[in-house]
Amino acid sequence: MGTKRLKLAIQKQGRLAEPSLELLRKCGISISNGPGKLRSEAANFPLEVYFLRDDDIPEYVADGVADAGIVGANILAEAPSQVETVESLGFGQCRLAIAVPKASDVRSVDDLAGRRIATSYPLILRKFLDSRHTEADIHEISGSVEIAPSIGLADAVCDLVSSGSTLFSNGLREIETVMRSEAVLVARPDQDRSSETILGQFLFRLRGVLAARQNKYILLNAPAERVDEISRILPGMKSPTILPLAEPGWVSVHSVIGEKDFWEVVDSLKLAGAQGILVLSIDQMIR
Ligand code: ATP
Ligand code: MG
């Protein structure tokens with residue numbers, strides 16, 4: 001018998017497929033994928049990947065065919081199953097939104113009363129409309145939802161959107177966000193010992209990658225006499241590393257800070273005399 005492997009289900013083809021493989025690569029796990037390939041073993045980590053349709057992933061995990069999976073939170077909300085969300089993965093961001101034809105007299109959710117809404121997410125939409133005490137006719141279709149109004153099938157749609165360009169090019173105007181979603185890692189709550197151990201090792205790497213994505217490594221040159229001022233501006237993990245430069249009176253300052261924080265302080269850094277600021281990506285951050 002071979003060694004035990006963690007079975008991870010990811011989307012075979014579609015928006016989450018490549019970012020999921022990319023995330024594994026960042027974790028140092030290389031997977032070969034090819035057309036028609038349904039499963040693949042990692043060469044350097046006890047993991048086996050199953051390539052599936054995203055809608056099927058929660059059930060396969062719940063049934064124990066796979067131990068864990070990567071899927072949009074929207075799929076879990078529409079088809080609740082016995083899986084646990086372990087981690088949000090920071091990609092596949094989108095929102096489930098209600099939209100109407102540009103010329104429609106519908107301005108708000110209230111105006112949808114008695115109208116027909118086409119969607120692939122009837123359960124989420126029903127709950128949302130109930131919470132707004134609005135009764136509408138939900139028409140479930142499995143794809144090409146955005147064309148429903150133009151062919152007279154519905155007065156509105158409730159569909160996934162990221163940039164909004166698909167809605168726009170179909171002559172639709174968004175009126176409300178029903179839910180926000182992103183890719184998440186799901187797992188079965190009752191793993192056996194060995195898959196739980198591997199899942200733990202996988203999560204350790206994954207969290208290192210996710211933490212690294214939100215942070216930047218900052219390098220800058222500064223006049224030595226202004227280092228205290230600059231250290232105070234940099235909201236780093238610890239105090240920055242300060243190294244002398246060959247040029248007298250100048251030092252190099254190194255720090256790790258959140259990307260968002262960096263853009264807020266960059267002007268103050270320059271005012272404090274910082275020069276040659278380098279912003280570098282980090283691959284892994286193990287705390
Ligand atoms: P499958 O063949 O696996 O069933 P699919 O056509 O249902 O694929 P995709 O369109 O590839 O699915 O979308 C997969 C997931 O990507 C969605 O469930 C959602 O979580 C996420 N997503 C991110 N942005 C968008 C978007 N603009 N439109 C649709 N899905 C999006
Ligand atoms: Mg699908």
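For reference, positions follow the sequence shown, starting with 1. In each ligand, atom 1 is the first atom listed, and ligand 1 is the first ligand listed. Both backbone and side-chain heavy atoms feed into the values below; hydrogens, waters and symmetry mates do not. Please read these numbers as outputs of a predicted model, since none were measured by experiment.
In the candidate list L160, L167, D56, V145, L160 is nearest to atom 30 (N) of ligand 1, counting heavy atoms. For atom 1 (P) of ligand 1, the choice among L76, D54, V161, D159 with the nearest heavy atom turns out to be D54.
Protein N/O/S atoms found under 2.8 Å from the Mg ion (ligand 2): D54 OD1, D55 OD1.
Residues P149 and D155 form no side-chain contact, since every pair of their non-hydrogen atoms from C-beta on lies 4.5 Å or further apart. Proximity of L167 to E174: side-chain heavy atoms (C-beta onward) are separated by under 4.5 Å at one or more points. Contact check for D67 versus V61: no side-chain heavy atoms found under the 4.5 Å cut-off.
Applying the side-chain hydrogen bond (donor to acceptor under 3.5 Å, both in side chains) rule to R53 yields the partners D55; only residues at least two apart in sequence or on another chain are considered. Residues passing the side-chain hydrogen bond (donor to acceptor under 3.5 Å, both in side chains) test with S268: none are found, sequence neighbours excluded. Judged as a side-chain hydrogen bond (donor to acceptor under 3.5 Å, both in side chains), and not counting sequence neighbours, K127 has no contacts.
Residue contacts with ligand 1 for V71 are absent, since no atom lies close enough (heavy atoms, distance under 4.0 Å). Contact annotation: for N74 versus ligand 1, heavy atoms closer than 4.0 Å belong to the side chain alone. The side chain of Q11, and not its backbone, has at least one atom closer than 4.0 Å to an atom of ligand 1 (non-hydrogen atoms only; side chain from C-beta on).
Of the protein's heavy atoms, at least one falls inside 4.0 Å of atom 3 (O) of ligand 1.
Taking a cut-off of under 4.0 Å to the non-hydrogen atoms of L16, the atoms of ligand 1 that pass are 15 (C), 16 (O). For ligand 1 and G14, the ligand atoms under 4.0 Å from any heavy atom of the residue are 11 (O). Near G72, with a cut-off below 4.0 Å to any heavy atom, the atoms of ligand 1 are 20 (O).
Taking any N or O of S181, backbone or side chain, none lies under 3.5 Å from an N or O belonging to ligand 1.
In terms of protein heavy-atom proximity, atom 10 (O) of ligand 1 is closest to R15 NE, 3.4 Å. Closest to atom 27 (N) of ligand 1 among all protein heavy atoms lies S162 OG, 2.8 Å. Looking at atom 24 (N) of ligand 1, its nearest protein heavy atom turns out to be C94 CB, 3.3 Å.
For the pair K12 and Y50, the cation-pi test (distance below 6.0 Å, angle within 45°) is failed.
Annotation for Q82: atom CD does not count as buried by contact number, only 12 or fewer foreign heavy atoms lying within 6.0 Å. The number of heavy atoms from other shown groups lying within 6.0 Å of OH (Y60) does not exceed 12.
Closest heavy-atom contact between P101 and L172: N-CD2, 3.6 Å.
Under the 30°/60° scheme for interplanar angles, the aromatic rings of H254 and Y217 are found to stand perpendicular.
With no hydrogens or angles considered, no side-chain donor-acceptor pair links S108 and D110 at under 3.5 Å.
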